[in-house]
Amino acid sequence: MELTKDLRDMLDGKFGEGARLALKVQVGIGECFDAPRMVPVTNAHVALSNQEADLWFAEKMVKLGARAKISPTVNPGFCLAYFKDKNMVTDEEAEHMRRTHEAYKALGCRLTYNCTPYMDTNIPFPNEIIAFSESSATPFVNSVWGARTNRESAQSALCAAITGVVPEYGLLLDENRKGDILVEVRAKMEGDFAFSLLGYMGKKIGPGIPVFVGLGNYVSPESHRNLGAELNTSGAYGMYHIVGVTPEAPTLEAAFGGKKPLRTVVITDEDFERVLETEISDPGNRKIDFALFGCPHTSTMELMHIASRLEGKKLEVPLWIMTSSLTKTNAEKMGLLDAIRAAGGEVIADTCSDQPCWHLYRGKVGVTESPKCAYYPRKRGLEFVIRDMDTCIDAALKGEVE
Amino acid sequence: MGARTFSCHKIAEGIGEGEVIISKDEIMFYLVRPETGEIIEKAHDIEGRSVAKKILIFPGGKGSSVVQSDGLYQLMMNGNQPAAMVIQHPETVLVAGAIIMEIPTVDRVDPEFYEVVKDGDRVRVDADSSVITILD
């Protein structure tokens, strides 16, 4: 790979050991993909996870004196103040989160602790070259905002934030942003939950950039969020097109750049039912212990909807709603928090579903509107029935799910 | 029949040797039990089987940009990481994880390799020299 003099100096350690290691990792990635050079980035999002590998790498970078040249926004771990106060985490778990906080602070990150930065806190410009990790964030910024990023990992995005460059390959280049697979959606697409199920079709869709047709001419931000989150749970997708909706797909021809689709996939209601019932959800018709929403983080519009559905009612089991601190602050001003708390629910800022703060539900069964929420915490022993949000709210009110 | 060699392309440096396990499905290493190397993902092609110390042949990574590396890291801490990984569709998340966690990884393997290799074969992956060998 051809490197500028500055970058050669960085690789020689003239800008510190942290920057040297970060660039070394990126050169390795660039060589894997035959990138000819590095190009500057102007924005980044690091999907920190407050897990051992994540903390190991972040602290290593701090020790090596690294600091972000491009300050990235970051993902949630768990809200230390809240869960410590409620005794829901052990001292060791609290210490882990504290160290995560200190490491990312020392690296000079914007401590937004939110996995949906594309909604409000970190919105890139069209064609801006950026380094975004996080399941739903990468496809959203590429597909909806028209910015350019590869599907960075938390660590490679941190490296980019430190060096200020990324290898030039993949989705940074026009020719690689065209569609590969035609996905004809014949399933009934009512509400944002249908987009979660559509996203979970990764196994059937297969590798490449999908081009969806049959989704009408408006797709809500929450539906885009759900589609991207689940595409990157069931598979690995940096980008998608929706004909007549996303900016690089005004027409079918434009979406494919004049190429023929490599294959055509048809998605039906039966596909949704099969995946939901046999692959991802626990069986329904049972009592539940809790409800967990907000993987990825719940939006203000969704909080408005939940608050209205809970008005004058009492929840039978705890309902936890994860969101950003910004959305939570807005919700407080709007009186939504009071409405949700009056029913017995709680809105939690800065927190992810795959964190130790939820260990009280080990061996229990919850409901969630998010297949992704059910997928990762499986490792922690949490089980979920997956249903659309309204069915989940009804389940939390009754203590059982249909 | 003697050992057969095949060309490949280096992703992460190093040399690994072991028994082959083939997965038709993409892999999310977070849903692998670190203490045993067993895949715990529901409905996965190799659910319940272990990737520990194996030559893991699979299409590529999938899922979270966050915990893929954590999965590999936890396997490393338990000494249960694959001896090497052979993939077909490299994507940045898995590539970055393999480089950072120093697991020998290759792609662009001679297509003939896929016609002859089978579960249980002994294979040596030399990423540094871009050669895969099916041993006797």
Side-chain angles (χ1 to χ4, degrees), chain A residues 21 24-29 31-34 45-54 56-57 75 115 132-135 137-138 149-157 159 166-167 169-171 202-203 206-208 231-238 275 278-280 352 354 372 375-376 378-379, chain B residues 8-14 24-35 38-45 47 59-78 81 87-102 105-108 127:
Chain A
L21 175 60
K24 190 179 158 214
V25 169
Q26 290 185 289
V27 167
I29 296 168
E31 282 175 349
C32 165
F33 293 101
D34 297 327
H45 178 77
V46 173
L48 76 78
S49 67
N50 181 41
Q51 297 191 343
E52 279 175 51
D54 181 65
W56 164 74
F57 193 68
N75 257 25
C115 54
F132 266 49
S133 51
E134 174 53 26
S135 305
T138 307
T149 176
N150 282 303
R151 205 176 85 91
E152 301 288 351
S153 77
Q155 285 80 30
S156 65
C159 290
V166 286
Y169 69 94
L171 295 175
K203 239 187 214 180
L231 279 171
N232 281 326
T233 303
S234 66
Y237 297 88
V275 163
T278 67
E279 288 189 20
I280 58 176
C352 167
D354 188 26
K372 185 184 177 192
Y375 183 80
Y376 295 104
R378 181 173 164 79
K379 184 157 178 170
Chain B
C8 61
H9 166 255
K10 177 187 85 172
I11 291 178
E13 59 193 16
K24 284 195 208 94
D25 288 340
E26 281 86 4
I27 295 179
M28 159 44 62
F29 284 96
Y30 191 61
L31 288 186
V32 177
R33 191 165 283 127
E35 299 80 13
E38 268 171 279
I39 303 262
I40 60 170
E41 177 173 339
K42 271 190 199 170
H44 194 278
D45 182 37
E47 181 182 2
K62 69 164 178 176
S64 168
S65 59
V66 182
V67 294
Q68 183 70 286
S69 296
D70 196 68
L72 288 173
Y73 179 84
Q74 298 297 343
L75 285 168
M76 300 276 294
M77 291 296 111
N78 286 275
Q81 74 276 19
I87 64 174
Q88 286 165 284
H89 306 289
E91 47 83 37
T92 314
V93 172
L94 183 66
V95 167
I99 291 172
I100 292 169
M101 303 303 159
E102 301 176 352
T105 302
V106 299
D107 68 341
R108 298 184 217 166

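As the structure is a prediction and not an experimental result, all values here were calculated from the model.
Checked against salt bridge (charged side-chain N to carboxylate O under 4.0 Å, His left out), Glu134(A) has the following partners two or more places apart in sequence or in another chain: Lys372(A). Residues passing the salt bridge (charged side-chain N to carboxylate O under 4.0 Å, His left out) test with Asp107(B): none are found, sequence neighbours excluded.
For chain A, the nearby parts of Glu91(B) are the backbone and the side chain; heavy atoms of each come within less than 4.5 Å. Of the two parts of Ser234(A), only the backbone, made up of N, CA, C and O, holds a non-hydrogen atom closer than 4.5 Å to a non-hydrogen atom of chain B. Contact of Leu48(A) with chain B is made through the backbone alone, with heavy-atom distances under 4.5 Å. Phe57(A) touches chain B through its side chain: at least one heavy atom from C-beta onward sits under 4.5 Å away, while N, CA, C and O do not. Residue Leu231(A): no heavy atom, backbone or side chain, is found under 4.5 Å from chain B. Interface residue Thr233(A): only backbone heavy atoms are found under 4.5 Å from chain B. Of the two parts of Met101(B), only the side chain, counted from C-beta on, holds a non-hydrogen atom closer than 4.5 Å to a non-hydrogen atom of chain A. For chain B, the nearby part of Tyr169(A) is the side chain; its heavy atoms alone come within less than 4.5 Å. Contacts of Lys24(A) with chain B are absent, with no heavy-atom separation under 4.5 Å from either backbone or side chain. Using a 4.5 Å cut-off between heavy atoms, Glu13(B) does not touch chain A at all.
Going from atom CZ of Arg108(B) over to atom SG of Cys32(A) covers 7.0 Å, rounded to the nearest 0.5 Å. Of the inter-residue distances, the one linking Met77(B) atom CE with Glu52(A) atom CD reads 8.0 Å to the nearest 0.5 angstrom. One finds the CD atom of Glu31(A) at 8.5 Å from the CD1 atom of Ile99(B) (value rounded to the nearest 0.5 Å).
Scanning all heavy atoms of the two residues, the minimum distance from Ala43(B) to Glu279(A) falls at CB-CG, 4.1 Å. Closest of all the heavy-atom pairs between His89(B) and Pro207(A) is NE2-CG, 3.9 Å. Considering every non-hydrogen atom in both Ala96(B) and Ser153(A), the closest pair reads CB-OG, 3.5 Å. In plain terms, the two heavy atoms of Ser135(A) and Ser65(B) that are nearest each other are N-OG, 3.7 Å. Nearest heavy-atom pair, Ala53(A) versus Ser69(B), reported as atom, atom and distance to 0.1 Å: CB-O, 3.9 Å.
Atom CD of Glu47(B) has more than 12 heavy atoms from other residues, nucleotides or ligands within 6.0 Å.
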Evaluate side chain to side chain contact (heavy atoms under 4.5 Å, CB included) for Tyr375(A) paired with Glu41(B), printing each intermediate quantity in order. CA-CA 8 Å; Tyr375(A) 183 80; Glu41(B) 177 173 339; 2.7 Å; yes
Let's go through Ile29(A) and Thr92(B) carefully: what are the C-alpha distance in whole Å and the side-chain angles of both, what is the deciding distance for side chain to side chain contact (heavy atoms under 4.5 Å, CB included) to 0.1 Å, and is it a yes or a no? CA-CA 7 Å; Ile29(A) 296 168; Thr92(B) 314; 4.0 Å; yes
Does the side chain to side chain contact (heavy atoms under 4.5 Å, CB included) test come out yes or no for Val95(B) and Phe33(A), once each step is laid out? CA-CA 10 Å; Val95(B) 167; Phe33(A) 293 101; 3.9 Å; yes
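Looking at Gln51(A) and Tyr73(B), their side chains never come closer than 4.5 Å, going by heavy atoms from C-beta outward.
A salt bridge does not link Lys379(A) to Asp70(B): none of the charged side-chain nitrogens sits closer than 4.0 Å to a carboxylate oxygen.
Options Ala98(B), Pro90(B), Ala12(B), Gly61(B) differ in how many heavy-atom pairs under 4.5 Å they form with chain A, and the most are formed by Pro90(B).
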